[in-house]
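Data block below; observations after.
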There are 2 protein chains.
Amino acid sequence: MKYSRIPAAAITRLSRYTRALEELDSQNIKVISSEKLAEYCDVNSAQIRKDLAYFGEFGVRGVGYFIKELLFEIKRILGLHKEWNLAIIGMGNLGCALIAHSNFARQGYRFVAAFDVDPDKIGRILPTGIAISPLGDLKKICLEKEVDIAVIATPAGKAQEVVDRITEIPVRGILNFSPSQLHVPEGFIVHHIDFTVKLDRLAYRLSHLRTTNRSRASDNPPWISKHLL
Amino acid sequence: MKYSRIPAAAITRLSRYTRALEELDSQNIKVISSEKLAEYCDVNSAQIRKDLAYFGEFGVRGVGYFIKELLFEIKRILGLHKEWNLAIIGMGNLGCALIAHSNFARQGYRFVAAFDVDPDKIGRILPTGIAISPLGDLKKICLEKEVDIAVIATPAGKAQEVVDRITEIPVRGILNFSPSQLHVPEGFIVHHIDFTVKLDRLAYRLSHLRTTNRSRASDNPPWISKHLL
DNA sequence: ATATCCATGTGAATAACATCACAATAACTT
DNA sequence: AAGTTATTGTGATGTTATTCACATGGATAT
């Protein structure tokens, strides 16, 4: 089976399947059907099968998927068989929280460098053992530490400036936590994590909940009608 | 013009247009065409016009959009004419960083309550003036402070438990920073911000960059070929 | 061995979304 | 006041993604 293009959304889902499978694996469950996994991940079961079909055949008909095996395969597909070295730029509240956060390490992402412009911060050694370096050393240190992905946690106004520096070194992946549109040359891959975009979507849906749901208001639990309708 | 369903992606884009428009407004620019805005936001100009058309007619033919006016309209559409009260649950590294982060306030999102289970943390007053309350007081305080949205920044294992408590009070919006699939009754709206999903997508694209781009390797800037191809 | 089960893998159908292309129309020009 | 210009708003079209529905084939039981 040959597919020309793989939907970006399929990759996102593979990532979510990974989480579910790890959870199931930790419960010592050996096999799961696409139907059950779909229920757990809140997607269509055909969707799961198709997502996997983009990359091969990993199931056993009449049985399902062997969890450990599928987990291994998906991780291989995603490129998680290697460790990814991250550099973080901007050691404010968010930057510090990110570097201390355990979820990254769990999946094979490893912070190996940290940068800031604030002279008070430069030189400080973080609890994880890495030192905060001046932005001027970005190129040198990123090459030295073989950084794969740059995580931008600067204020919005500084982000593009940082990106311009990054595009001078062979760090092709950028994870942008600042709420700003970044412009990069072809060949670089930028992903945004924008808190307020998500909040805006929540705000929109919450604002429109009232009207869109009125038709089936009676389906709502009683406390919804009581307080909000 | 009547539309039956508005794509979720359109709402996300509206949010991004807001940022661009605010930026333009701060530069004292008065009017912008869909073409220019599209270039800035890196989307198709027809896309912008269609996104807006879902909600009305906001432009002037032959001229473009008046920035202040459009900004006002989009904010109204998104529900940002009111302030949204947030409660945060889980005051670890991430929770503390989020509450201190300035991007929320800028857009009319206001943290009004904070919760944790750790007795050492409970009672502490945060720099923003709000106290950390025990999770047991969730219902009481959320009603008192009229919380609209709960922000979950607990470890993955605790998230569902927290959500179960939230669904007992009329807080219908949940922003989940934990890397776990949450299950909520109908009527609740959950959005995920999952760092590792984004990193996984980066890892995938970076792993596959080599092969997918080889055909047009000569288009790459010289330093890509030099170091990486 | 053969039959029966059951969940996969996938072609076809459907649905959702994005883009094109142009008629409609407001402002500006002469 | 009529013509020109510029950009919107939108029907038509094209593209991409999701879901359906079932033939396929491995595993198990008889």
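Lettering of chains follows the sequences in order, A, B, ..., and the numbering in each one begins at 1.
Distance B/Leu52 CG to D/dG9 P: 7 Å, rounded to the nearest Å. The distance from atom OH of A/Tyr17 to atom P of C/dT8 is 12 Å, rounded to the nearest whole Å. One atom, CG of B/Leu14, and another, C1' of C/dC17, lie 15 Å apart when rounded to the nearest Å. As a whole-Å value, the separation of A/Ile48 CD1 from D/dC20 P is 14 Å.
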Practice task
Go through the steps to decide whether B/Leu37 and B/Leu24 satisfy the test side chain to side chain contact (heavy atoms under 4.5 Å, CB included), and finish with yes or no.
Solution key: CA-CA 10 Å; B/Leu37 185 60; B/Leu24 292 163; 4.2 Å; yes

Practice task
Please report the C-alpha distance between B/Leu98 and A/Phe195 in whole Å, then the side-chain angles of each, then the deciding distance to 0.1 Å, and finally whether the side chain to side chain contact (heavy atoms under 4.5 Å, CB included) criterion is met.
Solution key: CA-CA 9 Å; B/Leu98 290 176; A/Phe195 305 159; 3.4 Å; yes

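Not counting sequence neighbours, A/Glu35 has no partner by the salt bridge (charged side-chain N to carboxylate O under 4.0 Å, His left out) test. Residues satisfying the side-chain hydrogen bond (donor to acceptor under 3.5 Å, both in side chains) criterion with A/Glu23, sequence neighbours excluded, are A/Gln27.
In this structure, a donor-acceptor pair under 3.5 Å is present between the side chains of B/Thr196 and B/Asp194. No side-chain donor-acceptor contact under 3.5 Å links A/Tyr109 and A/Asn85. Using modelled atom types, one finds no donor on one side chain facing an acceptor on the other under 3.5 Å when comparing B/Asn103 with B/Gln107. With hydrogens and angles left out, the side-chain atoms of B/Arg49 and B/Ser45 include a donor and acceptor closer than 3.5 Å.
Taking CD1 of A/Ile88 as the reference point, atom CD1 of A/Ile149 lies at 12.5 Å (rounded to 0.5 Å).
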Exercise for the section: Between protein and nucleotides 24-30 of chain C, map the contacts as a letter string: B base, S sugar-phosphate only, - none, heavy atoms under 4.0 Å, written 5' to 3'. Expected result: BBBS---

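Within the structure, salt bridge (Lys or Arg N to Asp or Glu O under 4.0 Å) contacts touching residues 70-82 of chain A (residues at least two apart or in different chains) are A/Glu22-A/Lys75, A/Glu73-A/Arg76, A/Lys82-A/Asp148.
For the pair B/Arg5 and C/dC17, the criterion of a side-chain N or O lying under 4.0 Å from OP1 or OP2 is met.
Proximity of a side-chain donor or acceptor of B/His208 to a complementary backbone N or O of A/Ile77 within less than 3.5 Å is detected.
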Listed pairs, N/O of protein and of nucleotides 18-20 of chain C, under 3.5 Å:
from	atom 1	to	atom 2	distance (Å)
C/dA18	OP1	B/Arg13	NH1	3.0
C/dA18	OP2	B/Arg13	NH2	3.1
C/dT19	OP2	B/Gln47	OE1	3.3
C/dT19	O4	B/Lys50	NZ	3.4
C/dC20	OP2	B/Asn44	ND2	3.1

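For residues 31-42 of chain B, proximity to DNA chain C is found at no residue, defined as any non-hydrogen atom under 4.0 angstrom from a strand atom.
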